[in-house]
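By convention in this document, chain letters (A, B, ...) are assigned in the order of the sequence lines, proteins followed by strands, and residues within each chain are numbered from 1.
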Amino acid sequence: MSEYNHTKIEKKWQQKWEQDKPSKALNPGDEGFDDTKPSYYILDMFPYPSGSGLHVGHASGYIGTDIIARKKRMEGFNVLHPMGWDAFGLPAEQYAIQKGQHPRKTTDLNSDNFRKQLKLLGLSYDWDREIDTSKPDYYKWTQWLFLKLYEKGLVYKKNVPVWWCDELRTVLANEEVIDGRSERGNHPCERRPMTQWILKITAYAERLLDDLKHIDWPYGIKKQQQDWIGKSIGAEVDFTIEGTKEKIRVFTTRPDTLFGVTALVLAPENPLSKTLPTTPQAPECEEYIKAAMSKSERDRKAETKQMTGAFTGAYVTHPLLDETSPHYKIPIYIADYVIADYGTGAVMSVPAHDERDFLFAKTLNLPILPVIIPRDGEEPDLDSCFTDEGVLVNSGKYSMYPTEKARVDITSELVLKNSGNAKTTYKIRDWVFSRQRYWGEPFPLYLDKNDNIIPANLKDLPVELPPMEDFTPSADGSAPLNRAQDWINLKDKPELKDLKRVADTMPGWAGSCWYFLRFMDPHNTKGAFSNTAVNYWKQVDLYVGGASHAVMHLLYARFWHKVFFDFGLVPEPEPFKKLFNQGMVTAFAFRDKTKRLVPSDDVEKSGQNYIQKSTKEPVEHFVTKMAKSLNNVVNPDDVIKDHGCDTLRLYETFMGPLDIDKPWSDDGISGCVRFIKRFWHLFYDDSGQILKNLSSPPPTEYKGDELTIERALNVCLKRTNESFDGFNFNTAIAAFMEMLNEVSKHKASINSSQAQRLIKALFPFAPHIASELWESTGNTTQLDFEPWPKHIDKYLQKDTYELVISINGKVRKKLPTAINTPKDQLEALAKSALEDKLEGVTIRKCIVVPNKLVNFVVS
RNA sequence: GCCGAUGUGGCGGAAUUGGUAGACGCGCAGGAUUCAAAAUCCUGUAUCUUCACGGAUGUGUCGGUUCGAUUCCGACCAUCGGUACCA
């Protein structure tokens, strides 16, 4: 075969791999398991199999991990590289409703399509480990693991204000609601008190925060998790309501500002406002509460910076001042800048040292009482507030204390006086874990007549979803499973006739909280996974996916994993040792002056600009997301059909480093089309015959053309190898292209050793063409397990280099020079080369960097 | 507002510890081949200036350190992403 036929070759090798399974990972105990091989677990975030299929953006991450997986196999690792489907959840159900079909059917169709598309990309997954979170043999164990959380007391049922989405007809977790709209579908949501199943993720807040130190994750993602957990160290302070023995407790991070309190402010929802001693002003206050409560969350948010509030007419007393102090009596206000479900729903207002309190005091004309001054002795400015650390003033015996020490000592005094204590709070809320939807894991719990919770036994698992003709969500917020009364009332289990099942289902995140563990042992029928399997694979060595999961999946999975760790089910406290975020593949699009999108087939290039064909107006060329609505989605199937999957793999790799966003360009791919063809022809002569020299063994010492080839090859191997350190495989492809430009001039001299190393190095990137060339150059082994080729240092050295000669840092001349010429000779050489330019000037200094440059400093 | 990331030719992007800015590829221009086209091959391609040799400018902006800065430091600007009364 002399012409490169991608269709034929790729089909041939994909069929062969399907049979021989070189990417099959072996567990201890499996036939052929080799315990001398180290393990390596590399995982892609598994996809939700959407109806629109895979686009080239998804492919880029999968191609990246595949390149690494293939190289690791060549380096002698037992590589676990699996794929599966995150198939339960809202999007899958929404899609089914839209298609008017059952989600079981659409999910199966979609995952079939995804599997087909992924296989066309030549990805070396161990397909024998494929999983689907919506299949009973998988969710049986999701339910079992949920029961572990229940056993630990991490599951509770409570009537709390939750996010309700009318459009989706279900509640959502805090993490799933962005700016009062659903993360999925962007529908408006509202706060509504409802009884929900909740997971006590707050119990793990400290460890989720602390263990971030021990994992190799991008700084930005760690920071996002840290902010989401939102740890604040401070104190709780009790203020006694004047004329009663009742106390109002506040949380503050700045107990050092305690002597600057000029008001105590309650959230409108705070029930304490109803029990305050009433006064003539109270009715006005009630109005305010009513008005605040009737505003939607969004309105309240929209009014940020617009301070409002009302005086209740009641007062509290200062815990550390006595009655004679003018600041002893503190008025109680109600204001909606205080939020009910953080801290205690009440704050001590210190306008001199907190931005919001300052604004509030300005708006309501309350006194501002500075108690901290800057350390550098500057006068406090009454027109702004000072929020930094400093030194206390007007604070009784604490005056002159630095703020850091004052915080500790004031807190101690509060403890002594039984008026407070040190306290740490977290922003993270418990995880609302139930959904009023059909397509999710049923809870493995029963309720008795008195609403007591009774966990299901292992033998009753899985609690299967009943088949329902009409699975659509109910308008009244009641879960659709409530309509399956026989199932709710356990008609299938007469022995449990007094109990009821739970009608809510788990959210889509449940299945993805542990799928990486199931991949270690996917066919286990006795447990979620065996000890042997998890103790062997331990944790995911490299996890690759988009950055959008920073506070949802990646936080939830860490939480569940820590619970499993506490049960001794897994050997590591963290699931993902190293995390890498791949960039998005974007697309070019055009828009006219009015920013309206112009279809690309109505645009033509005119020199370096673009004009709209129909109007002859210039249009702007810009980069945007790939989206169906923009009609700019590139389907990998089409690219593969035209150019082959190796070319697609190379192009997606060549576009840029794995972690950045890169725009797809249909023109750009032609460079890789040419490269593949030229690489193929490197091993064939003009008449289509394999080069004769390829059967000759390497010489004992390289010289002439063979030396030139050997040098180019070693440079290429070194750069390829280094590209794995920074996930910038684009430089590896560039190295291959440079090598090809150099070597193709001398291709008749390539010997068998050189050809082998070259083909091996290309294999992770373009496995089909590499395998075909491997075979046609006379090799019979599986490339997957051939040792990864390493460069030899001595062939990286050249005999000569270009000596750069500069004056004051500006390059003046370049001179071919023998390598390792001594310093003094270089200086002399440079001097004579720049004779004319150095005439009449004084050389103040001469810097010589051997094998690089000479710089004259002149005046 | 706060936090994070990123700014390099017409475009995607390269540049060890500070040491030739623009590798590689696309695009573009010219040429070869061809009846012609496609494909392929060769040459050129940061900007300004010069017939040319050459010279000047140039890695978002302004400044600093240095013999020498895309790289280090300071201030600012722009774009993208995250987050928002968290006391």
Visitor: Quick check for you: to the nearest 0.5 Å, what is the distance between A:Leu579 atom CG and A:Leu554 atom CG?
Guide: 5.5 Å

Visitor: What is the separation between atom CD1 on A:Ile660 and atom P on B:rG12, rounded to the nearest whole Å?
Guide: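 From A:Ile660 CD1 to B:rG12 P: 9 Å.
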
Visitor: Mind checking whether A:Tyr556 and A:Trp431 have parallel, tilted or perpendicular rings, split at 30° and 60°?
Guide: parallel

Visitor: Give me the distance, rounded to whole Å, that separates B:rG13 from B:rU8 when you measure between the P atoms they each carry.
Guide: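 Their P atoms lie roughly 9 Å apart.
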
Visitor: If you only use heavy atoms from C-beta on, which nucleotide in B:rA87, B:rU20, B:rA15 is closest to the side chain of A:Thr731?
Guide: B:rA15

Visitor: Rounded to the nearest 0.5 Å, what's the gap from CD1 on A:Ile733 to CG on A:Leu762? Could you check?
Guide: 7.0 Å

Visitor: Taking the C1' atom of each, how far is B:rU20 from B:rA14, in whole Å?
Guide: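 Roughly 14 Å separates the two C1' atoms.
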
Visitor: For A:Asp685, enumerate each residue passing the salt bridge (Lys or Arg N to Asp or Glu O under 4.0 Å) test, keeping only those at least two apart in sequence or located in another chain.
Guide: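 Partners of A:Asp685 under the salt bridge (Lys or Arg N to Asp or Glu O under 4.0 Å) test: none.
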
Visitor: From the list B:rA87, B:rU20, B:rC26, which nucleotide is the closest neighbour of the side chain of A:Phe251?
Guide: B:rA87

Visitor: Treat primed atoms plus P, OP1 and OP2 as sugar-phosphate and everything else as base, then score nucleotides 40-48 of chain B 5' to 3': B for base contact with protein heavy atoms under 4.0 Å, S for sugar-phosphate contact only, - for none.
Guide: SS-------

Visitor: Enumerate the protein-to-nucleotides 62-73 of chain B contacts in which both atoms are nitrogen or oxygen and the separation is below 3.5 Å.
Guide:
unit_1, atom_1, unit_2, atom_2, d
B:rC67, O2, A:Asn855, ND2, 2.6

Visitor: Please step through side-chain hydrogen bond (donor to acceptor under 3.5 Å, both in side chains) for the pair A:Thr425 and A:Tyr342, ending with a clear verdict.
Guide: CA-CA 8 Å; A:Thr425 62; A:Tyr342 180 74; 2.9 Å; yes

Visitor: For the side chain of A:Tyr219, starting at C-beta, report the closest nucleotide among B:rG4, B:rC24, B:rA87.
Guide: B:rG4

Visitor: Below 30° counts as parallel, above 60° as perpendicular, anything between as tilted: where do the rings of A:Phe580 and A:Phe727 land?
Guide: parallel

Visitor: Can you pull every protein N or O that's under 3.5 Å from an N or O on nucleotides 56-60 of chain B?
Guide:
unit_1, atom_1, unit_2, atom_2, d
B:rA56, OP2, A:Arg812, NH1, 3.4
B:rU57, OP2, A:Lys810, NZ, 3.4

Visitor: How long is the span from the CG atom in A:Asp666 to the NE2 atom in A:His643, to the nearest 0.5 Å?
Guide: 7.5 Å

Visitor: From B:rC85, B:rA87, B:rC24, pick the nucleotide closest to the side chain of A:Met307?
Guide: B:rC85

Visitor: Quick one: stems involving RNA chain B, counted as three or more successive Watson-Crick or G-U pairs, both distances short of 3.5 Å.
Guide: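 B:1-7 with B:77-83, B:10-12 with B:24-26, B:27-32 with B:40-45, B:46-49 with B:54-57, B:60-64 with B:72-76 - these are the stems of 3 or more pairs that involve RNA chain B.
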
Visitor: Is any side-chain N of the basic residue among A:Glu802 and A:Lys814 closer than 4.0 Å to the acidic one's carboxylate O?
Guide: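 No, this pair does not count.
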
Visitor: Mind checking side chain to side chain donor-acceptor pair (under 3.5 Å) for A:Asn808 and listing every partner two or more places apart, or none if nothing turns up?
Guide: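 Listed in chain order: nothing, the list is empty.
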
Visitor: Provide, to the nearest angstrom, the distance between the CE atom belonging to A:Met655 and the P atom belonging to B:rC26.
Guide: 15 Å

Visitor: Using a heavy-atom cut-off of 4.0 Å across all strands, would you classify A:Tyr651 as base, sugar-phosphate, or nothing?
Guide: nothing

Visitor: Using a cut-off of less than 4.0 Å, is there contact between a side-chain N or O of A:Tyr342 and OP1 or OP2 of B:rA87?
Guide: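 Looking at the OP1 and OP2 atoms of B:rA87, one of them is under 4.0 Å from a side-chain N or O of A:Tyr342.
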
Visitor: Return the nearest nucleotide to the side chain of A:Pro657; candidates are B:rU20, B:rA14, B:rC85.
Guide: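 Of B:rU20, B:rA14, B:rC85, B:rA14 is nearest to the side chain of A:Pro657.
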
Visitor: Distance between the P atoms of B:rC3 and B:rG58, in whole angstroms?
Guide: 33 Å

Visitor: When the ring centroid of A:Phe259 is compared with that of A:His318, is the distance short of 6.0 Å?
Guide: yes

Visitor: So what does A:Lys223 hit on the nucleic acid, given a heavy-atom distance under 4.0 Å: a base, only sugar-phosphate, or nothing?
Guide: sugar-phosphate

Visitor: Under 4.0 Å from OP1 or OP2 of B:rG19: is there any side-chain N or O of A:Ser806 that close?
Guide: no

Visitor: Determine the interatomic distance between C1' on B:rC11 and the same-named atom on B:rU17; round to the nearest Å.
Guide: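 Here B:rC11 and B:rU17 have their C1' atoms 32 Å from each other.
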
Visitor: Starting at the 5' end of RNA chain B and moving along, which residue's nearest nucleotide shows up first, A:Val551 or A:Cys672?
Guide: A:Cys672

Visitor: Return yes when atom NZ of A:Lys423 has more than 12 non-hydrogen atoms of other residues, nucleotides or ligands closer than 6.0 Å, and no otherwise.
Guide: no

Visitor: In whole Å, measure the gap between the C1' atoms of B:rC2 and B:rG9 for me.
Guide: 36 Å

Visitor: Applying side chain to side chain contact (heavy atoms under 4.5 Å, CB included) between A:Leu266 and each of A:Val338, A:Ile289, A:Ile248, report the one that passes.
Guide: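 Result for side chain to side chain contact (heavy atoms under 4.5 Å, CB included) with A:Leu266: A:Ile248.
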
Visitor: Rounding to a whole Å, what distance do you find between A:Phe729:CZ and B:rC24:P?
Guide: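 Distance check: A:Phe729 CZ to B:rC24 P gives 22 Å.
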
Visitor: So A:Phe679 and A:Phe675, would you call those rings parallel, tilted or perpendicular, with 30° and 60° as cut-offs?
Guide: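 Rings of A:Phe679 and A:Phe675: tilted, 30 to 60°.
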
Visitor: For B:rG64, measure the glycosidic angle (O4'-C1'-N9-C4 for a purine, O4'-C1'-N1-C2 for a pyrimidine) and name it syn if it falls within 90° of 0, otherwise anti.
Guide: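 Here B:rG64 takes the anti form, which means its glycosidic angle is more than 90° from 0.
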
Visitor: A:Leu658 CG to B:rA14 P: how many Å, rounded?
Guide: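 Whole-Å distance recorded here is 12 Å.
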
Visitor: Is the phosphate of B:rA14, meaning OP1 or OP2, less than 4.0 Å from a side-chain N or O of A:Asn730?
Guide: yes

Visitor: Tell me the interatomic distance from A:Glu802, atom CD, to B:rU20, atom C1', rounded to whole angstroms.
Guide: 8 Å

Visitor: Using atom C1' of each nucleotide, how far apart are B:rG81 and B:rG64 to the nearest Å?
Guide: 31 Å

Visitor: Please measure how far the C1' atom in B:rC76 lies from the corresponding atom in B:rG22, and state the result in whole Å.
Guide: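 Result for the C1' pair: 27 Å, nearest Å.
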
Visitor: Starting from P on B:rU20, measure out to NZ on A:Lys814 and report it in whole angstrom.
Guide: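 The answer, rounded to whole Å, is 10 Å.
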
Visitor: Go through B:rU20, B:rG25, B:rG19 for me and flag the one nearest to the A:Val811 side chain.
Guide: B:rU20

Visitor: Measure up the A:His549 and A:His553 rings against each other and bin them: parallel (under 30°), tilted (30 to 60°), perpendicular (over 60°).
Guide: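 It falls in the perpendicular class, over 60°.
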
Visitor: Using atom P in both nucleotides, what's the gap between B:rG12 and B:rA69 to the nearest angstrom?
Guide: 27 Å

Visitor: What integer distance in Å separates A:Asp661:CG from B:rG12:C1'?
Guide: 13 Å

Visitor: When all nucleic acid strands are considered with a 4.0 Å heavy-atom cut-off, which category describes A:Ser665: base, sugar-phosphate, or nothing?
Guide: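 Nothing, no nucleic acid heavy atom in range.
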
Visitor: Could you please name the option among B:rA87, B:rC26, B:rC24 that lies closest to any side-chain atom of A:Asp667?
Guide: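 Given the options B:rA87, B:rC26, B:rC24, the side chain of A:Asp667 is closest to B:rC26.
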
Visitor: Ring centres under 6.0 Å, that's the criterion: do A:Phe654 and A:Phe729 meet it?
Guide: no

Visitor: In whole angstrom, give the distance that lies between atom CZ of A:Phe736 and atom P of B:rC24.
Guide: 16 Å

Visitor: If you assign A:Ala346 and A:Glu738 each to the RNA chain B nucleotide with the nearest heavy atom, which residue ends up on the more 5' nucleotide?
Guide: A:Glu738

